[in-house]
Amino acid sequence: MSNRVVTEAVRSLTAAEITELCLRHTLYDWSAQAGLDPMAIADAKGVHFTSVDGRRFIDFNSQLMCVNAGHGDRRIIEAIKAQADRLAFISPFMATEPRARLGKKLAELLPGDIDKVFFTLGGTDANENAIKMARAVTGRPKILARYRSYHGSTGSAIAATGDPRRWPNEFSGSVVHVLDPYHGVARGTDPAAVALEQLEETIRLEGPSTIAAFILEPVAGTNGILIPPDGYLEGVREVCTRHGIQMICDEVMTGFGRTGRWFAVDHWGVVPDLITMAKGLTSSYVPLGAVGMRPHIAGYFEDHVFWGGLTYNSHPLGCAAALGTIQAYEQDDMVGNSERMGAVLAKRLARLQERHRCVGAVRSIGLFGCMELVRDRKTMEPLAPFNGTSPEMKAINQALLDGGLYTFVRWNTIMTNPPLCITEAELDEGFEILDGALEIGDRAVAG
Ligand SMILES: Cc1ncc(COP(=O)(O)O)c(C=O)c1O
């Protein structure tokens, strides 16, 4: 048979056709489908992306806080292409060069003595498997998690999620939620000692010997860039060690430079028993997640079966993409850039708070930042309620898009999480658009 390739002149779809077909035949996340109007995207480069109908946006959220290296990085693309040419897929029971190299590289980068990983497809299944491992190793059923958290959309991961995405998904038991140090924009953050005392009390009342793990985002992401008070993570580490509870740090969003260190726990010198990652691992060019484990967990599975598996565990394209991504981070010192540009971002956020009455609080660590908008600077009433929105927040979001800035606007928060390759001039481009849109919020502020 000849290698004849059948080609057909295919006309490109218009923006309207793409949107219409996507809505008709594919289901969108976290939404009732009627009324959705997803933007059709053509391409992306660096910190910008362009819609099919020709509009250009600065990406101030790295999509879902995940395209850490920026869009269209040739090093990542070439790594994926080269691997696809050689070996696109092979069973996870085989050994491959990208798997070998990536495992070794992650063992170097991960905190402390974490030196073995289990590869998954994303963050949700990384957390599912970390929880499964903690339960297997301890023989205990319960998982502790915090309310202001997101850990993924299936089984144990959504049950561990503390925020309202859990409410319609509560089919898997044995998760106990504890309060966070942070209590909303009006009350602010407890000192570490108070938060740790509450944690201890919950553990005492639940029974320490029934708790397998405490899963937490070192800096909570979608719930508002909640930076723990100094001493909190160190204290959690100590409490977990004392009770034989495995500490699982969910670094799906914070990992790979987002906070100005390779991992957020590095700011406090804490080494969890299990650490989960995804998103920035490949800058999301292809799906890949991982669970990193300390030697006592890895050792347990030397003579106990690991009752888990995935067809796409250690997918060659994912591993190759991760190697290309880490190379890009290292060559351009993007983790250092996250810290340096993070200092600029913190100043720009503070300036917005000075200039706009509606900006009640700002927080950031590295290029992981957000502002909380309020109706009243004295009472700190949020501009949209918990788990809700308001006409003002919707109008601000629309003004940002009209001005050419895409970001994540949730409840009363606006996120500022650009790719880690961003320059100061590009940060200024985004902050100018934010500055203009916040005037809508100012008009809603009492007094
Ligand atoms: C902290 C955290 N954990 C887990 C997840 C779930 O990851 P994925 O959507 O890749 O399954 C997310 C996703 O946003 C996340 O932010």
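All of these numbers come straight from a predicted model, not from anything done at the bench. First listed ligand is number 1; within each ligand, the first listed atom is number 1.
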Checklist entry - Considering only heavy atoms, does T276 approach ligand 1 within less than 4.0 Å through its side chain, its backbone, both, or neither? => result neither
Next on the checklist: Below a 4.0 angstrom heavy-atom separation, can you tell me which part of D250, side chain or backbone, both or neither, approaches ligand 1?
Outcome noted: side chain
Next on the checklist: Aromatic contact between Y147 and Y182, with the criterion being ring centroids under 6.0 Å apart: yes or no?
Outcome noted: no
Checklist entry - Thinking salt bridges, do E217 and R146 make one under a 4.0 Å N-O criterion? => result no
Checklist entry - Does T124 reach the main-chain N or O of T154 with its side chain, forming a donor-acceptor pair under 3.5 Å? => result no
Listed pairs under 3.5 Å, donor-acceptor, residues 269-276 side chains, sequence neighbours left out:
residue : atom : partner : partner atom : Å
D273    : OD1  : R237    : NH1          : 3.4
D273    : OD2  : R237    : NH1          : 3.3
D273    : OD2  : R237    : NH2          : 3.0
D273    : OD2  : M247    : N            : 2.8
T276    : OG1  : N127    : OD1          : 2.8

Checklist outcome for this item: atom 16 (O) of ligand 1: closest protein heavy atom, distance to 0.1 Å, is M253 CE, 3.1 Å
Checklist entry - What pairs with F306 under ring pair (Phe, Tyr, Trp, His ring centres under 6.0 Å), at least two apart in sequence or on another chain? => result F118, F301
Checklist outcome for this item: re atom 9 (O) of ligand 1, the protein heavy-atom contact at minimum distance is T124 OG1, 4.2 Å
Checklist entry - So is G123 polar-close to ligand 1, meaning N/O to N/O under 3.5 Å? => result yes
Checklist entry - Would you say the side chain of F119 lies within less than 4.5 Å of the side chain of P92, judging by non-hydrogen atoms? => result no
Checklist entry - Has ligand 1 got any nitrogen or oxygen that is less than 3.5 angstrom from a nitrogen or oxygen of D125? => result no
Next on the checklist: Salt bridge check, E238 against R242: does any charged N sit closer than 4.0 Å to a carboxylate O?
Outcome noted: yes
Checklist entry - Which of the numbered atoms in ligand 1 are below 4.0 angstrom from a heavy atom of N127? => result 3 (N), 4 (C)
Checklist entry - At under 4.0 Å between heavy atoms, which part of K279 makes contact with ligand 1: side chain, backbone, both or neither? => result side chain
Item to check | Any N or O of E217 closer than 3.5 Å to N or O of ligand 1 | outcome: no
Item to check | Sub-4.0 Å atoms of ligand 1 with respect to non-hydrogen atoms of V252 | outcome: 2 (C), 3 (N), 4 (C), 5 (C), 7 (O), 12 (C), 15 (C)
